[in-house]
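As structure tokens, the structure follows; a few thoughts come after it.
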Amino acid sequence: MRQKNALMPTLRTVSEAEMISHQLMLRAGYIRQLAAGIYTYLPLGYRVLNKVSNIVREEMDRIGAQELLLPALHPSELWQETGRWDAYGPELFKVKDRHDREFAAGPTHEEVITNLLRGEINSYKKLPMSLYQIQTKFRDEKRPRSGLLRGREFLMKDAYSFHADRESLDKTYEDMYQAYQNIFTRLGLDFRAVEADAGAIGGKGTHEFMVLSEAGEDTIAMCASCDYAANIEMATVVSETQAEERVAGPAIEKVATPGKRSIEEVASFLQVGPERLVKSLLFVVDGEPVLVLVRGDHEVNDVKVKNLLEGTVCELADEETVRRVAGVPSGFVGPVGLKEQVKVLADQAVMQLGSMIVGANEVDAHLMHVHVDRDFTVDLVGDLRNIQEGDVCPRCGGTIHFKRGIEVGHVFKLGTRYSEAMNARFLDANGKEQPFIMGCYGIGISRVVASVIEQHHDDNGIVWPVAVAPFTVHLIAVNMKNEEQSRVAESLYAELKQAGIEVLFDDRLERAGVKFKDADLLGIPVRITVGAKAGEGLAEIKLRRSGESKEVAVADLLNELPAWIKRADQ
Ligand code: ATP
Ligand code: MG
């Protein structure tokens, strides 16, 4: 491609972008914003997007998944069948047609694909079957502020698998997992597969693929000794401490704690460590209030609360509910003497305390010497807190530390959640009707593009891995007005194209400084510069990443080039 008439508007500075990938994609002229979270891919950006898509496509095809394209507009009736028309919440873009019928702009396609298969596949003989598409998704995200990392309109690869039995699902899940490893490795990403929560899509058994990056929104708990990695939402906390002895100690004592609300304030006022206090938080799980207890130095994990109760929606109770149940504002709540009887859940570490300090359900007061069982009862005990740095690895006993990550892919075992709700069945080998067992597997194609930049850039711009670079070679003619230079560059351009090399030719009449600055910003892996020595038959070849460079005879360039391309990612 020639740069002279290309739509490649580079900018020296941009103001609005926080994330480095967002800044660089705007500055290098890869994308432009139309509205919050909605972007145009300019020619270079679109080339990168297609590179990523094609790698994903190759690996999906390799494991026997079939590509199709599903509609982006989904009739509301389908989403009502699974209850997600309402449950999906405000992220679902809804539109009406001229007859006032409602549609969703598809954020994900479980309903649509299940609807398709229930009409087309009715025998186990056709199973297993894996289908995928690469398509624009729509989600009305609350905070679409990070460029392509979190768009409201974005490109996703979503695959769905259908099975007659669990073993078959397990096998495809393994294949997908391996395909994802291949994809993210080929894309040059430093990533981890982490154990994760299934979220609104539902089902058990899921992994997220996380690109390690300080800019990530997710926190990953990783072991320093083994390869254990889990989303902190999911990381299992093993109880390593011994239960304290419960001596028949002093009775409950109420103490005044005027103006002390936070755990730290109360602990220092009472001159005890925060681990002697117990936090009591009121949640509402599927409409029912429950009290959750964790030690003062721990954080409640609402996903674990939800899972222990096998619920679907778990939220902190609002002030009104707190006042109804406890008779006080939140911050003074405790398990002893609630106004309304609710289920009490305790983290395992709470159960090990011989005695504890809790809120008194009275403003500015706490209760000391409180004993579980003697003074209040617990309905359910479990692991209900977030893992913390320094905790024990649940797999090997090593030490947990935290890293930030960007979720680029997600593989789920859905089971029969959708096929049951939508009555999608097939006849098994005994002629009996069974619901399809399903899996689903997503990759955020456009988010991947931004993630690659988060990991591959320097102070001067993007540093693309060869596999995703919009072009492999950037050919620069320093001075197009110079006849010699322009002639050599033109013939090199023709030769490179002839040899099947993807080449961008800077044939603009710009100053050399502008051309080199732009070249660094664009991040194409191999640069060939035709300058003052064109007359002597010499050009310069240079790698964007390492900066390695050499003067090469123009006549030898094509022979030498493959070795340089090979080294470009090092
Ligand atoms: P997140 O927690 O980041 O919102 P999600 O769990 O909602 O992601 P999935 O429903 O699993 O995401 O979607 C599959 C993949 O699509 C994700 O792994 C991610 O790479 C990508 N993705 C999700 N939301 C967005 C978005 N708003 N913009 C760009 N990519 C996205
Ligand atoms: Mg989301």
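Just follow the structure's listing: the first ligand is 1, and inside any ligand the first atom is 1.
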For ligand 1, the portion of [X] having any non-hydrogen atom under 4.0 Å away:
{"X": "Arg150", "result": "both"}
{"X": "Leu149", "result": "backbone"}
{"X": "Glu217", "result": "neither"}

Could you check which of [options] puts a non-hydrogen atom nearest to [atom]?
{"atom": "atom 24 (N) of ligand 1", "options": "Tyr441, Phe154, Phe412", "answer": "Phe154"}
{"atom": "atom 23 (C) of ligand 1", "options": "Arg139, Met156, Lys157", "answer": "Arg139"}
{"atom": "atom 18 (O) of ligand 1", "options": "Glu91, Arg447, Glu407, His410", "answer": "Glu407"}

Please report whether the ring centroid of [Y] lies less than 6.0 Å from that of [X].
{"X": "Phe426", "Y": "Tyr124", "result": "no"}
{"X": "Trp464", "Y": "Tyr30", "result": "yes"}
{"X": "His207", "Y": "Phe209", "result": "no"}
{"X": "His163", "Y": "Tyr173", "result": "no"}

> Can Arg47 be said to sit on top of Phe471's aromatic six-ring, NZ or CZ under 6.0 Å from centre and within 45° of the ring axis?
Replying inline: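 Relative to the ring axis of Phe471, which defines the angle, Arg47 lies inside both limits.
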> Which atoms of ligand 1 sit under 4.0 Å from any heavy atom of Glu141?
Replying inline: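 Taking each heavy atom of Glu141 in turn, ligand 1 has 24 (N), 26 (C), 27 (N) under 4.0 Å.
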When only distance counts, is [X] in polar contact with ligand 1, meaning an N/O pair under 3.5 Å?
{"X": "Val408", "result": "yes"}
{"X": "Gly444", "result": "yes"}
{"X": "Ser446", "result": "no"}

> salt bridge (Lys or Arg N to Asp or Glu O under 4.0 Å) with Arg385: which of Asp302, Asp391, Asp297?
Replying inline: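 The residue from Asp302, Asp391, Asp297 that satisfies salt bridge (Lys or Arg N to Asp or Glu O under 4.0 Å) with Arg385 turns out to be Asp391.
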> Counting distance only, does the side-chain N/O of Arg118 pair as donor-acceptor with the main-chain N or O of Met422 below 3.5 Å?
Replying inline: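 Yes; at least one donor-acceptor contact below 3.5 Å.
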>> Please confirm whether Thr108 approaches ligand 1 to less than 4.0 Å, judged on its heavy atoms.
In response: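 No; Thr108 lies far enough from ligand 1 that no heavy-atom distance drops under 4.0 Å.
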> Does ligand 1 have any atom that is closer than 4.0 Å to a heavy atom of Leu148?
Replying inline: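 It does, in that a heavy atom of Leu148 comes within the 4.0 Å cut-off of ligand 1.
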> Would you say the side chain of Ser53 lies within less than 4.5 Å of the side chain of Val56, judging by non-hydrogen atoms?
Replying inline: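 They are not in contact (no side-chain heavy atoms under 4.5 Å apart), so the answer is no.
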